[in-house]
2 protein chains.
Amino acid sequence: MRDHDGSGHDTDGRGYDKYAFEPFAVTVDLAVLTLRAGALHVLLVERGQEPYAGRWALPGGFLLPEESAEEAARRELAEETGLADVTGLHLEQLRTYSEPGRDPRMRVVSVAFAALVPDPHPDPVRGDPRPAPLEPHGGGDAAQARWTPYDAARGLAFDHDRIVADARTRVGAKLEYTCLATAFCPPEFTLGELQQVYETVWGTALDRPNFRRKVLAAPGFVEPVPGAARLTSGRGKPAAVYRAGPATALHPPLLRSPREGRPA
Amino acid sequence: MRDHDGSGHDTDGRGYDKYAFEPFAVTVDLAVLTLRAGALHVLLVERGQEPYAGRWALPGGFLLPEESAEEAARRELAEETGLADVTGLHLEQLRTYSEPGRDPRMRVVSVAFAALVPDPHPDPVRGDPRPAPLEPHGGGDAAQARWTPYDAARGLAFDHDRIVADARTRVGAKLEYTCLATAFCPPEFTLGELQQVYETVWGTALDRPNFRRKVLAAPGFVEPVPGAARLTSGRGKPAAVYRAGPATALHPPLLRSPREGRPA
DNA sequence: CTCTTTATAGTCGTCATGACTATTAAAGGG
DNA sequence: CCCTTTAATAGTCATGACGACTATAAAGAG
């Protein structure tokens, strides 16, 4: 029953017998998502080698012997984005892709993650001196890295199209019942910026007063930064500034309503 | 950057160079859940070998060279439960556990699944001749298998305590916004049986008329079996019989309310 | 100052929800 | 056969969340 090697060995499925299991290569793949200019973007790297040379792919790489998939993902994230502090970024394990043949060379099992990062290129706004913009750079090899609009991220190497689609589906769903949206925002943000996260990921327009009412009604979602206000687009009334609250789940949830929300 | 072997090779993280990656053993672990006698149960197997000999663990095993993790999980499920038809059972990929040291012998990366099965031992009810009860059996080796109440499934081998806890958390959450609950039910069921699924997994008592109203208000969740009715516990009015509808998501969701639901 | 733009406050009707009561249809005991 | 018990189902009602909408406030542009 646990004897899977077909050689008559019985190792209880976990025995020392090295012939009882097949070795696999294990990688992590990262769907690094951000919001730029009102559109969802994915960080892609150009492959320099076969297979799929010249094609775009998700950043990722092999697990090191002494690290977990989460640690490998965070290491790759730091390497690929050049971001100094990846400790605070939200990493979400999506699922593991293990179909034979997903890598044409060998058997590769890949643990996919979604990483949510604030806009690395915010438009400079008066009264909001944010840290210097972050530009992804290719690694030591020839590969280059680039932020790509979600809709243009098609024809990727391996099964990365599917991973990117799964990432968006998962993130869109978690926006409803978790506080995940703040992971796309800088440490301090306005409710308008938070609403743009929802509108961009969901692809729907939301009523601003209603959105505001629901966000403020969810305990621990956001908390006001006392005395702070910021002009978000140069004109209009300055918006109050909030930061992420202590909650992780959203009660009540911010549901994608079948009624509200026309196409954005 | 993608050069992870520390040997100066550069393989773009996926090169043919066999020294560029570390081989891992890849397994699947299954949290097979069911509802028996009003309590959540997990299928456990007793380990016959070191490490953790004599300890209880989740069923599982190594991936074969030509199968995906999902296929391996379904194969293991069939083997461990003796269930003839596992094609219809709901398999849910939970996450992948990859911490170094989670297996004391070697580096094992495990893809965990939750499997939801109808009660294999339903109380015989008049007018409901269900298929013969299903009893799990150990494999060809010495391991035995047993349904264990969720609360008694502690002290398991490896990190399986955590996997079991994650399975319950995931299932409980998905009951809210998917039609997952029907996966715990036989092909035809009453609304009382469906309500017991929610009450058991959530650990809360629900108001029967309100539950009924919400279930019937969700399009495609359940559909009536015309003319069928069944006495569910020998006494009282016979209940109408339903089967799972075509929907997979629940609109509106059946939220665990902070108000409703006293401890069951 | 006036217009535009954006944030924020508030209103109102509708619908979902939780709490509760009433009715119906069966079994079982006398 | 009548009455109690049990469970399913129908219905009621007040509260609250929600979507749609209007009004006001605070900024810049001209």
Side-chain angles (χ1 to χ4, degrees), chain A residues 38 123 125-128 176-177 188-196 198-199 202 204-219 221-222 224-225 227-242 250-262, chain B residues 38 123-128 176-177 188-196 198-199 202 204-219 221-222 224-225 227-242 250-262 264:
Chain A
D123 291 329
V125 171
R126 200 185 59 175
D128 174 39
E176 293 191 302
Y177 51 94
E188 299 193 343
F189 53 88
T190 69
L191 294 187
E193 291 166 345
L194 189 66
Q195 181 175 349
Q196 275 212 359
Y198 280 87
E199 293 183 331
W202 287 352
T204 58
L206 300 173
D207 180 83
R208 199 184 287 265
N210 290 343
F211 179 83
R212 173 190 188 79
R213 185 213 302 159
K214 288 197 267 191
V215 167
L216 295 180
F221 189 10
V222 298
V225 177
R230 194 171 68 218
L231 278 170
T232 45
S233 61
R235 290 240 288 252
K237 179 176 176 177
V241 175
Y242 295 82
L250 223 45
H251 285 293
L254 261 158
L255 298 176
R256 259 181 292 203
S257 171
R259 283 191 294 275
E260 193 181 17
R262 311 139 286 181
Chain B
D123 290 330
V125 171
R126 203 185 56 174
D128 174 38
E176 293 192 303
Y177 52 95
E188 299 192 343
F189 52 88
T190 68
L191 294 187
E193 291 166 346
L194 188 66
Q195 182 175 348
Q196 276 212 358
Y198 280 87
E199 293 184 330
W202 287 352
T204 58
L206 299 174
D207 180 83
R208 200 184 285 266
N210 291 343
F211 179 82
R212 172 189 190 79
R213 186 215 301 159
K214 288 197 265 190
V215 168
L216 296 179
F221 189 11
V222 299
V225 178
R230 194 172 68 218
L231 278 170
T232 44
S233 62
R235 292 239 288 252
K237 181 176 175 177
V241 175
Y242 295 83
L250 223 44
H251 284 295
L254 261 158
L255 299 176
R256 260 181 291 201
S257 170
R259 281 191 294 278
E260 193 182 20
R262 310 140 285 181

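In what follows, every chain begins at residue 1, and chains take the letters A, B, ... in the order their sequences are listed.
With hydrogens and angles ignored, no donor-acceptor pair closer than 3.5 Å exists between the side chain of Arg213(B) and the base of dG11(D).
A 4.5 Å side-chain heavy-atom check between Arg230(A) and Thr190(A) finds at least one atom pair inside the cut-off. Residues Glu176(A) and Leu254(A) are not in side-chain contact: their nearest non-hydrogen atoms beyond the backbone lie 4.5 Å or more apart.
When distances are taken from the side chain of Arg208(A) to each of dT24(C), dC20(C), dA7(C), the shortest belongs to dA7(C). Side-chain atoms of Pro252(B) lie closest to dT17(C) of the nucleotides dA26(D), dT17(C), dG28(D). Nearest to the side chain of Pro238(B), among dA26(C), dT8(C), dT5(C), sits dA26(C). Checking dA19(C), dA7(D), dA26(D) against every side-chain atom of Lys237(A), the shortest atom distance belongs to dA26(D).
Using a 4.0 Å heavy-atom criterion, one finds that Ala240(A) contacts the sugar-phosphate atoms exclusively.
The CG atom of Leu255(A) sits 13 Å away from the P atom of dA17(D) (whole-angstrom rounding). Summarising the geometry, the separation between CG on Asp207(B) and P on dA10(D) is reported as 14 Å, rounded to the nearest angstrom. Atom CZ in Arg235(B) sits about 13 Å away from atom C1' in dC3(D), given to the nearest Å. Rounded to a whole Å, the CZ atom of Phe211(B) is 17 Å from the C1' atom of dA10(D). With rounding to whole Å, Gln195(B) atom CD is found 13 Å from dT9(D) atom C1'. For the pair Leu216(B) CG and dT17(C) P, the interatomic distance rounds to 13 Å; values are reported in whole Å. At whole-Å resolution of the value, CG in Leu254(B) and P in dA16(C) are 13 Å apart. What separates CD of Glu176(B) from P of dT17(C) is a distance of 12 Å, to the nearest Å.
The residue from Phe221(B), Trp202(B), Tyr198(B) that alone fulfils the ring pair (Phe, Tyr, Trp, His ring centres under 6.0 Å) condition with Phe211(B) is Tyr198(B).
Lys214(A) has a side-chain polar atom (N or O) that falls below the 4.0 Å cut-off from OP1 or OP2 of dG19(D). Phosphate contact (OP1/OP2 of dT9(D), side-chain N/O of Arg212(B), threshold under 4.0 Å): present. At the phosphate of dT17(C), neither OP1 nor OP2 sits under 4.0 Å from any side-chain N or O atom of Ser257(B).
The backbone N or O of Arg212(A) lies less than 3.5 Å from no partner atom in the side chain of Gln195(A), so there is not a single donor-acceptor pair. Under a 3.5 Å cut-off, the side chain of Gln196(B) and the backbone N or O of Gly38(B) do not form any donor-acceptor pair.
Of the two residues near DNA chain D, Gly236(B) and Tyr242(B), the one whose nearest nucleotide lies more 5' is Gly236(B).
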